[in-house]
Amino acid sequence: MSTTASDPLAALVSLPGVPDAVDSVRKAVDRVYGHRVMRRRSNEVTAEAALRGSRGSAALAGADWNLEEVRRRTDFSGEDEARTVGAALRLTAEAGQLLSVWRQSPLRVLARLHLVAAGGATPDDAVGRPRLAGEAVDEPLIEAPLPSAGEVAGRLEGLSHLIIAGGSAPALITAAVVHGELLALRPFGSHNGLVARTAERIVLIGSGLDPKSICPAEVGHAEQGRAAYVAAFEGYTAGTPEGMAAWITHCGRSIELGVRESTAVCEALQRGAA
């Protein structure tokens with residue numbers, strides 16, 4: 001399939017392995033949405049998916065806490081890891097509130113996400129705006145070359161136009177590209193990974209693939225491990241067909257693992273109700 005100006009992601013659909021990944025994700029999501037527990041207790045599944053997704057995203061950012069510790073903890077101030085977990089929880093809670101804005105003004109949403117993630121921990125003049133020339137970036141997991149501030153501004157604008165225009169590409173592809181582009185750009189001075197994974201979540205919800213937000217891709221990214229995450233991301237930055245396919249299929253597998261997690265939650269709720 002050829003790329004068109006109105007649908008620049010269209011060509012990615014035909015990359016090797018991508019059609020199978022798209023189909024596999026769609027079937028997995030359909031199965032969990034068809035679970036009998038979802039008819040009456042979907043809010044509980046959504047809440048649990050949010051908690052587990054936050055834990056997974058924080059783990060990739062260096063705060064690999066036990067799920068029960070995340071559930072139990074009420075104070076996320078103090079040490080760096082606690083602040084990271086708190087930022088992930090806040091971002092997940094915020095994601096569902098920004099869907100109506102995302103398709104009209106994605107850059108405004110990204111600014112809001114960074115503001116929420118920073119939570120007052122970053123100097124006020126650096127929060128919610130792309131970094132300026134010479135400003136440092138704190139993102140220890142991603143060691144890819146850092147684009148200049150000028151390149152960041154141009155590519156963010158391009159990403160914004162892509163989201164606003166929409167297109168026929170499956171949600172998996174759009175979510176993977178948004179996630180990968182934000183990781184590559186690292187547009188903010190901090191919390192870029194957390195923001196990128198939250199943006200992926202927003203795309204999956206807003207696209208209609210996962211409208212109840214019960215398929216936390218963050219769980220799958222964390223389960224596959226930081227090394228696999230970085231290796232797949234390097235495929236995205238390489239920009240080759242093989243590299244892009246590897247990143248998209250990695251994101252697809254992450255969604256499927258998130259589905260598996262929520263299916264287990266459904267099964268647990270069903271046993272408890274029996």
Within the side chain of Ser57, is there an N or O that forms a donor-acceptor pair under 3.5 Å with the backbone of Gly53?
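Side chain of Ser57 to backbone of Gly53: no pair is present.
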Is there a donor-acceptor pair closer than 3.5 Å between any side-chain N or O of Arg90 and the backbone N or O of Ala117?
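Pair found, side chain donor or acceptor close to backbone of Ala117.
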Under the criterion side-chain contact (heavy atoms from CB on, under 4.5 Å), I'd like the reasoning laid out for Arg112 against Val116: C-alpha separation, chi angles, the key distance, then a yes or no.
CA-CA 6 Å; Arg112 173 63 185 170; Val116 168; 3.5 Å; yes
Taking the side chain as every heavy atom from C-beta outward, state whether Val13 and Val22 have any atom pair closer than 4.5 Å.
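No, too far: nothing below the 4.5 Å cut-off.
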Show your reasoning for whether side-chain contact (heavy atoms from CB on, under 4.5 Å) applies to Leu182 and Leu159.
CA-CA 9 Å; Leu182 291 173; Leu159 184 64; 4.1 Å; yes
My understanding is that only one of Phe233, Tyr229, Tyr236 makes a ring pair (Phe, Tyr, Trp, His ring centres under 6.0 Å) with His179; could you say which?
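With His179 as partner, Phe233, Tyr229, Tyr236 yield a single ring pair (Phe, Tyr, Trp, His ring centres under 6.0 Å), made by Tyr229.
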Do [X] and [Y] meet the criterion of a side-chain donor-acceptor pair at a distance under 3.5 Å?
X      : Y      : answer
His191 : Glu139 : no
Glu256 : Ser24  : yes
His35  : Ser262 : no

Val177 vs Thr174, test: side-chain contact (heavy atoms from CB on, under 4.5 Å). Steps then yes/no.
CA-CA 5 Å; Val177 168; Thr174 304; 6.0 Å; no
Spacing of Glu234 atom CD and Leu183 atom CG [to the nearest 0.5 Å]
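Nearest 0.5 Å value for the CD-CG distance: 11.5 Å.
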Show me the donor-acceptor pairs within less than 3.5 Å that the side chains of residues 209-221 make with the rest of the protein, sequence neighbours left out.
unit_1, atom_1, unit_2, atom_2, d
Asp210, OD1, Tyr33, OH, 2.6
Asp210, OD1, Ser213, N, 3.3
Asp210, OD1, Ile214, N, 2.9
Asp210, OD2, Ile214, N, 3.2
Asp210, OD2, Cys215, N, 3.0
Ser213, OG, Arg201, NH1, 2.5
Glu218, OE1, Arg201, NH2, 3.2
Glu218, OE2, Arg201, NE, 2.9
Glu218, OE2, Arg201, NH2, 3.3
His221, ND1, Ser254, OG, 2.9
His221, NE2, Glu200, OE1, 3.1
His221, NE2, Glu200, OE2, 3.4

Mind checking side-chain hydrogen bond (donor to acceptor under 3.5 Å, both in side chains) for Arg73 and listing every partner two or more places apart, or none if nothing turns up?
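By the side-chain hydrogen bond (donor to acceptor under 3.5 Å, both in side chains) rule, Arg73 matches Glu69, Glu79.
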Taking the basic N atoms (NZ, or NE/NH1/NH2) and the acidic carboxylate oxygens, is any pair closer than 4.0 Å for Glu48 and Arg52?
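A salt bridge is present here (some side-chain N lies under 4.0 Å from a carboxylate O).
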